[in-house]
Amino acid sequence: MKISDTIIENHGLKKEEYKNIQKILKRDPNILELGVFSAMWNEHCSYKSSRIHLKKLPTKGKQVIQGPGENAGVIDIGDDDAIVFKIESHNHPSYIEPYQGAATGVGGILRDVFTMGARPIALLNSIHFGSPTHPKTKSLLNGVVSGIGGYGNCIGIPTVAGETKFNSTYNENILVNAMAVGHAKKTKIFYSKAKGINKSVVYVGSKTGRDGIHGASMASAEFDENSEEKKPTVQVGDPFTEKLLLEACLELMKDESIISIQDMGAAGLTSSSVEMASKGSLGIELELDKVPCREENMTPYEMMLSESQERMLIILEDGKENHAKKIFKKWDLDFVVIGKTTNTNNLTLKYYNKIVGEIPINALASNAPVYDRKWIKKKIPQNKIDIKKLKKTNLKEALKKILSSPNHSNKSWVTDQYDQMVMCDTAQKSGSDAAIIRIHNKDKAIAVSVDSSANYCKSHPLTGGKQIVCENWRNLISVGAKPLAITNCLNFGNPENKEIMGEFAECIEGIKEACEFLEYPVVSGNVSFYNGTNKKNIYPTPVIGGVGLINKLEKPLNHNFKREKSIIILIGKTFGHLEQSCFLKENYSISEGSPPEVNLLNEKNNGKIVLKLINKNFVLSAHDVSSGGLITTLSEMTINSNLGVKIEKPRKLRNLFEYFFGEDQSRYVLEIDPKNIIQVEEILKNGNIYFEKIGFTQKNFFEIEDEMKMSINELFEINNEWYNSY
Amino acid sequence: MKFSVTVTLKKDVLDPQGKVVQNTLINLGMNDLKNIRQGKFFEIEIDEKDEPSAKNKIDQMCKKLLVNLIIEDYKINKVS
Amino acid sequence: MKFSVTVTLKKDVLDPQGKVVQNTLINLGMNDLKNIRQGKFFEIEIDEKDEPSAKNKIDQMCKKLLVNLIIEDYKINKVS
Amino acid sequence: MKSSVIVFPGSNCDRDIASALEKMQFKNRMVWHKETSLPKSDLIVIPGGFSYGDYLRSGAIAGKSLIVEEVVKAANSGCLLLGICNGFQILTETGLLKGTLLRNKNLKFINRNVHIKVLNNKTKFSSKYESNQILKMNIAHNEGNYFTSKEHLDELKKNNLIAFKYCDSAGDVTDQSNPNGSIENIAGIYNDKKNILGMMPHPERMVDKMISNTDGVNLFSSLLN
Ligand SMILES: Nc1ncnc2c1ncn2[C@@H]1O[C@H](COP(=O)(O)OP(=O)(O)O)[C@@H](O)[C@H]1O
Ligand SMILES: [Mg+2]
């Protein structure tokens, strides 16, 4: 077949990139080779626009066993235990077919984790939808939530935390990010780097079909009016087969049979084989006629580009083929030796003994194109909002608006559809700041949370980037965990646009600063560009997934008030920053101004001391103050506890709205037993922590002195109404 | 007027359920089984006397709700 | 030989899904809709030339696996 | 007391039930579905999960597997048999328990803690509970909507074969406290001889205070008696 300009364009390759291919091969590629190049050189696999920025992220620390560059990051949690985790996006497929898109997103990230020898122990997700009034939102929400549940529930891994947000910026491009967390033995981690020549390359799992051909290129292309036509490429997930694959792989991993292993994710057989060879500086030869196929007459091109799910590539030690085969047969899975490692440094593709494609591995992997795209900085917006000029409201009405808004409503409509308890180690389900998962048969536990703040990032990406890392860190501290490391999923618009590229570069800069200061390294992640349609890009939406450690789990700490007459302490200074707040957005539809300032020094100090108080068992309940401000935080602490609170009027004369709805960072609300208050105050003073005693818990009523009084039932109703009537 | 609609997965779409059902039938001794495809079935009765117009309405129902056109094909048959 | 099998819920069995589908269609403006029943559909191909015997085999498949006789009815039709 | 847990491809509560049994001092064995004989056991458990992906109908394909024939034989000769969640669905597919489990009324997967009431505390599975005791247990299923014929329902009532009913925290059996649409709020039933129990809630999730509560403990300790 002659490679025409249209063919090149359909493969998402630029003219210069094609010329480059001709130069590398010293000839024209055939269509199979072109397909392989396009799969490896697209944004999704090559990180061509992001690579130079990602390099800036801090990835080291004594807790880090494996940073970015493998299927998932690995951290040390003491003893023989390691935690393996990563987050990944499945945005475009989920918009086209929400159930299958979300389901296969979960399946894909699980494979990344168990490929490394870890048994998955928790799933998280961050999902962003368009405005609730947009005609597509409801069915997308339904489809995505049941798809996430459908996969996770079936395979039997608890989905324990996440976030569900609505904003019209996602009307034409929803976000579906899934994170998986696994537990492994430190001494039994598996990597994708191939070693040794003439080793068997084995294909295991499901058969290859025509699913998702060109999926990776699709994930890297902007949507347009015709995107509906790209539909047939959507893959269908089979969680049942994935469960078999998981058990079979873990069984084979018990001994020393595996040299290296890699899941077939985006760009399937192509990227998995190339990655393994590239990391081992080897060549790899595949006999494509041996690939197990689901459909008749599949071509080598289709086999190399198929994104059929639930498949893995394994390089075996000599002589282990029969042993391994037995295990996969036990689990009713395909097992075929389809190739071998070579010393040629080429990807060699054979079909019935004839070479049908040959490409230097380097050209596909380490030497794939890298772009330093133009980007521009964003200034901090200066518009200040004068609250006195706004239409009058009162605390109660304003609070009701927030608690009944889609973004702040109780999410049990979503989380009840996920099995959160399977595996019997979920010490704290979703609903609190972070979920707590106990390490099986041990006293220790991990805490996990995912967070994002698109509004802040849109307004000022640098501050926004810092803020999400801090919020994530705060969420882990609030359940008594020491934050250890993060993974990140960077959802952005079109990188060829210099403002978008600026948002990207600056968010990364913010993430970097916060991670460095908090000693909270990045161990894995994923970039999703081209989120948007035509000329409309989504708000920059980096999502941070954090993991923390609780050394000895005695009683899971959550944010529900525990007793009457406890003292309520607010940690951290309140300045009353209202721009970009939920208060202005929900009450006045104002979304201008700058995000709250992030002071990393305070963040770190406050967090450390709060953790100290928790570890000394002085804290009955804790909640960080974030979107919606102090009053929202307090009401969330009452809603599920059946205990109210009485808050004194702020002592210094301040604007009540600024005080109660301001979104200043680095703050926590703690519930303290009066008998411990002296010791607590001493620790806070010695730690140089700014704090205020703001009130105490009481029965039945949520009350602010002289200003408002509401029954907890009423609060509960308000908070639970939206999803049930949507 | 009464119609039946059968909805099946498109040809190239993975059908995990079909695979498992086929294997089970064979394990149960049904060796003659060559192929089994499965799908959904609807029997729809509508208040409309004119056949083309009735059929058109059924078609609308399929497109709007009953069928996931991304992964499924469908067929409409008149029953009575 | 090819057969199609349609499986539907028995009349006295609660069908929440059918109800939701019906309501949704009416909400979508399909006012002529009188009734909708839904079920499963199988297309089965077997290696058997003799029609009665083939039909019998299909019937076995239904009884042994495909149909839950407590709540479902089924119908077999020859396709080709 | 010797127990066996049957593991199907797609079972996913097998490890959980095994942990619970071991914690309660059962001598437990895991039995892979391809095995053709059962170890000698006093109790057989079919755990929750999605055996064979729950394709076709939940439990349908597992109900036809080889090991299930052995389970049926054992149960018919009096061995105690407990089916939890998917296990309950499988037992109805084998015919060991009558009725069937339809899709939840709201057409959604439901995972949450619900209250159930012990209707019969005179069985091998329930003797350690009080009569009418209210338990809080976790449910996690798509198809837990129990349905059976009028005649069988009468039989269940007459012979005291309803094990648990969904109720509210005060013990009232109401429509609001019925999570999935089950006929008469039924959450679990016995066979005639009361040596087989099928239930949708997960007692194995309720044996550890750190994780939930311990309302499931007495089911296992009843069995040990
Ligand atoms: N935002 C990021 N921050 C850190 N590492 C990243 C980021 N994005 C991607 N990576 C790393 O780059 C590598 C390749 O990522 P990806 O292509 O998403 O993996 P996979 O092939 O498993 O889908 C991974 O090791 C991943 O952790
Ligand atoms: Mg991977």
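Naming convention: chains lettered A, B, ... in sequence-line order (proteins, then strands); numbering from 1 in each chain.
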Q: Give a yes or no on this: more than 12 heavy atoms of other residues, nucleotides or ligands lie within 6.0 Å of atom CZ of A:Phe716.
A: no

Q: Heavy-atom distance under 4.5 Å between the side chains of A:Asp238 and D:Tyr55, does that happen here?
A: yes

Q: Should D:Asp54 and A:Phe240 count as side-chain neighbours, where that means a heavy-atom distance under 4.5 Å?
A: no

Q: Of the backbone (N, CA, C, O) and the side chain (C-beta and beyond), which part of A:Ile155 lies under 4.5 Å from a heavy atom of chain D, both, or neither?
A: backbone

Q: Verify the neighbour count for atom NZ of A:Lys329: are there more than 12 heavy atoms of other residues, nucleotides or ligands below 6.0 Å?
A: yes

Q: For D:Asn225, look at atom CG and say whether over 12 heavy atoms of other residues, nucleotides or ligands are found less than 6.0 Å away.
A: yes

Q: Donor-acceptor pair, distance only, cut-off 3.5 Å: does the side chain of D:Asp16 make one with the backbone of A:Met423?
A: yes

Q: Heavy-atom cut-off 4.5 Å, strictly under: side chain, backbone, both or neither for A:Glu247 against chain D?
A: neither

Q: Measure across A:Asp419 and D:Ala140 and return the closest heavy-atom pair with its distance rounded to 0.1 Å.
A: OD2-CB, 3.6 Å

Q: For A:Asn153 and D:Phe50, work out which heavy atoms get closest and say how close.
A: O-CE1, 3.2 Å

Q: So, do A:Ser146 and D:Lys108 sit near enough that their side-chain heavy atoms are less than 4.5 Å apart?
A: no

Q: Show the nearest heavy-atom pair for residues D:Gly53 and A:Cys154, with the distance to one decimal.
A: CA-SG, 4.4 Å

Q: Answer yes or no: is there a donor N or O on one side and an acceptor on the other, between the side chain of D:Asn111 and the main chain of A:Gln420, under 3.5 Å?
A: yes

Q: So for atom NZ, which belongs to A:Lys325, do other residues, nucleotides or ligands contribute more than 12 heavy atoms lying within a distance under 6.0 Å?
A: no

Q: How long is the straight-line distance from CD of A:Gln417 back to CG of D:Asn106, given to the nearest 0.5 Å?
A: 7.5 Å

Q: Hey, is D:Arg15 close enough to A:Asp425 for a salt bridge, meaning N to O under 4.0 Å?
A: yes

Q: How close do A:Lys243 and D:Ser11 get, heavy atom to heavy atom, and via which atoms?
A: CE-O, 3.2 Å

Q: With a 4.5 Å limit on heavy-atom distance, are the side chains of D:Ser212 and A:Met421 in contact?
A: yes

Q: Side chains of A:Val422 and D:Asn12: closer than 4.5 Å at any heavy-atom pair?
A: yes

Q: So, does D:Lys34 use its side chain to make a donor-acceptor pair with the main chain of A:Lys330 at under 3.5 Å?
A: yes

Q: Could you measure the distance from the SG atom of A:Cys424 to the CE atom of D:Met210? Nearest 0.5 Å is fine.
A: 14.0 Å

Q: Quick check: are there more than 12 heavy atoms from other residues, nucleotides or ligands sitting under 6.0 Å from NZ of A:Lys185?
A: no

Q: Could you check if a side-chain atom of D:Ile211 sits within less than 4.5 angstrom of a side-chain atom of A:Arg438, using non-hydrogen atoms only?
A: yes

Q: If you count the non-hydrogen atoms of other residues, nucleotides and ligands that lie under 6.0 Å from NZ in D:Lys124, is the total more than 12?
A: no

